[in-house]
Amino acid sequence: MSKSLSPIVEPLLNWFDQNKRVLPWRQDKEPYHVWISEIMLQQTRIEAVMGYYARFLEALPDVESLSKVDDDALMKLWEGLGYYSRARNLKKAAIVITEEYGGEFPQAFIELKKLPGIGEYTAGAIASICFDEKVPAVDGNVLRVIARVQGSRDNVLLPQTKKTVTEQLKKIMPQRAGAFNEALMELGELVCLPNGAPLCESCPLQEHCTAYKKGLTEQIPVRVKKMKRKRADKSVFMITDPDGRIAIEKRPDTGLLSGMYQLPNVEGFHTDDELQEILRQWELVPIDIVFTKEAKHVFTHIDWYMKAYHVTVTEHNDRFIWVTEDKLKNSYPLPTAFQKLL
DNA sequence: CACGCGTGGCT
DNA sequence: TAGCCAAGCGT
């Protein structure tokens, strides 16, 4: 259980009042203006948005004009910004607002979130900034600031971490909900910087910040990427000679499972004819080849999909080490991946 | 929940 | 030069 965030509210609001940047979409709290800017700013840097925002509002100054815009004209306004479904969703939402809400912009978080392209963050941003509804708006900046303040080592890339932070912020949302949310984001962007040293000497939350006090601002936030594993298919042989000994070999002394032993295997899945040929190249004479089982083994960075074959051969050779099952179990380190096939 | 969606800036 | 990274939404 971490302690309440409530002590950060006042210093943060005071700092924001002194330091907020002047930005085109901060000139008023028109929901339409805030909406367009929030959508454009999704995954997109402020500098990139600047030019587009002014041009977009000039061409489409309100919900009604957006709801009627020609698709090509709309995409032309978005050309180069990326994530084009954002633009298509804007128009869809404008039509919904026109048809379902009589052209009046929904005000409640719960209603905003129903609109196409408006998710948890954007609904929170519009509801708080335009209407001071006490809902959080948790983006990457906010996650970083809160993780450091709390000294939390939770992986901020996990949805669960965002949920937890959202719940904690809900409890402390002040009257000035919009200013508070903007302040957290602004602090993240201007002071509580992601890379290199954050500007802790000018941070209004310094005395409330666990990461600062413990010198952990470089370690926090924790961002553990989910490793996207490659897939490798393997055909694995359990080869037995007339004495019932099993063929194994030693793996190279570098790389994956270095220095351990393994059952003979080849890359990929193969037809019976191909399997015969592989064994022949190993100078083995198979009496029969029987598919036994398949198994999957997950490493941190690779998934092995294995098909195992039991092969009986006429005689052993020197290409492999031939061992009894007992000796294999007791004397040779065999990775779990291969144990699964025995 | 994991993935794909665009682009530009960084190393 | 190519690869990594950003941190919202819909599916």
Side-chain angles (χ1 to χ4, degrees), chain A residues 25 31 34-53 55-56 66 71 74-97 106 109-129 135-149 152-166 169 181-182 184-198 218-231 296 298 300-303:
Chain A
W25 42 89
V34 173
W35 175 40
I36 301 301
S37 71
E38 288 297 344
I39 299 297
M40 284 187 171
L41 287 164
Q42 287 170 7
Q43 307 290 278
T44 311
R45 297 171 195 287
I46 286 179
E47 315 83 70
V49 167
M50 285 290 192
Y52 287 87
Y53 178 76
R55 193 181 57 161
F56 192 97
L66 174 57
D71 287 353
L74 175 64
M75 296 319 287
K76 198 71 190 164
L77 287 167
W78 209 267
E79 184 182 77
L81 249 196
Y83 287 121
Y84 297 96
S85 64
R86 292 186 294 178
R88 290 186 283 269
N89 282 333
L90 276 179
K91 180 176 172 181
K92 280 188 204 163
I95 292 171
V96 173
I97 294 170
F109 171 88
I110 190 97
E111 293 299 315
L112 289 162
K113 188 156 174 339
K114 292 178 189 167
L115 295 170
I118 297 187
E120 186 88 7
Y121 164 79
T122 307
I126 298 173
S128 63
I129 293 170
V135 285
V138 181
D139 72 350
N141 290 310
V142 175
L143 282 172
R144 180 171 62 257
V145 172
I146 300 301
R148 283 183 175 149
V149 166
S152 165
R153 294 182 185 273
D154 291 352
N155 180 5
V156 296
L157 295 185
L158 292 178
Q160 179 55 47
T161 304
K162 185 169 170 177
K163 262 178 77 178
T164 305
V165 169
T166 301
L169 287 172
N181 285 336
E182 286 196 274
L184 277 172
M185 293 187 266
E186 192 87 333
L187 190 76
E189 221 165 308
L190 298 181
V191 177
C192 197
L193 304 175
N195 309 311
E218 297 293 315
Q219 301 22 280
I220 295 175
V222 173
R223 314 173 58 83
V224 182
K225 274 263 194 291
K226 184 173 178 70
M227 183 86 64
K228 33 189 156 180
R229 288 188 289 271
K230 293 193 192 316
R231 176 197 173 110
K296 179 187 176 189
V298 179
T300 53
H301 58 303
I302 193 163
D303 290 341

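Proteins get letters first, then strands, A, B, ... in listed order; numbering begins at 1 in each. Keep in mind that the numbers below use all heavy atoms, side chains included, and drop hydrogens, waters and symmetry copies.
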d([atom1], [X]; [atom2], [N]) in whole Å:
{"X": "Met185(A)", "N": "dA7(C)", "atom1": "CE", "atom2": "C1'", "value": "13 Å"}
{"X": "Ile46(A)", "N": "dA6(C)", "atom1": "CD1", "atom2": "C1'", "value": "14 Å"}
{"X": "Glu189(A)", "N": "dA7(C)", "atom1": "CD", "atom2": "C1'", "value": "12 Å"}
{"X": "Ile39(A)", "N": "dG8(C)", "atom1": "CD1", "atom2": "P", "value": "11 Å"}
{"X": "Tyr83(A)", "N": "dG6(B)", "atom1": "OH", "atom2": "P", "value": "8 Å"}
{"X": "Arg86(A)", "N": "dC9(C)", "atom1": "CZ", "atom2": "C1'", "value": "10 Å"}
{"X": "Lys162(A)", "N": "dC9(C)", "atom1": "NZ", "atom2": "C1'", "value": "9 Å"}
{"X": "Ile118(A)", "N": "dG10(C)", "atom1": "CD1", "atom2": "P", "value": "9 Å"}

- Item | Side-chain donor/acceptor of Arg223(A) to base of dA7(C), under 3.5 Å | yes

- Task: Ignoring the backbone of Thr44(A), work out which of dG6(B), dC9(C), dG8(C) is nearest its side chain.
- Result: dG6(B)

- Arg144(A), nearest nucleotide to its side chain (from dC1(B), dA7(C), dC9(C)): dA7(C)

- Phe56(A) and Leu90(A), any side-chain heavy atoms less than 4.5 Å apart: yes

- Item | Any side-chain heavy-atom pair of Val222(A) and Asp154(A) under 4.5 Å | no

- Task: Give a yes/no on whether any side-chain N or O of Tyr84(A) is located under 4.0 angstrom from OP1 or OP2 of dT7(B).
- Result: yes

- Does the side chain of Thr122(A) get closer than 4.0 angstrom to OP1 or OP2 of dC9(C) through an N or O atom? yes

- Message: Checking side-chain polar atoms at under 3.5 Å, does Tyr121(A) have a donor or acceptor matched by the opposite partner on Gln42(A)?
- Response: no

- Scan side-chain atoms only and decide if Asn89(A) and Arg86(A) contain a donor-acceptor pair under the 3.5 Å cut-off. no

- What integer number of Å spans the P atoms of dA7(C) and dT11(B)? 16 Å

- Query: Taking the same atom, P, in dG6(B) and in dT1(C), what whole-Å distance lies between them?
  - Reply: 26 Å

- Message: Using a heavy-atom cut-off of 4.0 Å across all strands, would you classify Glu47(A) as base, sugar-phosphate, or nothing?
- Response: nothing

- Message: Tell me whether the count of non-hydrogen atoms from other residues, nucleotides or ligands lying under 6.0 Å of CD1 in Ile110(A) goes above 12.
- Response: no

- For Arg45(A) and for Leu115(A), find the nucleotide of DNA chain C with the closest heavy atom, then tell me which residue's nucleotide is more 5'. Arg45(A)

- Item | Base paired to dA2(C) (Watson-Crick or G-U; both N/O distances under 3.5 angstrom) | dT11(B)

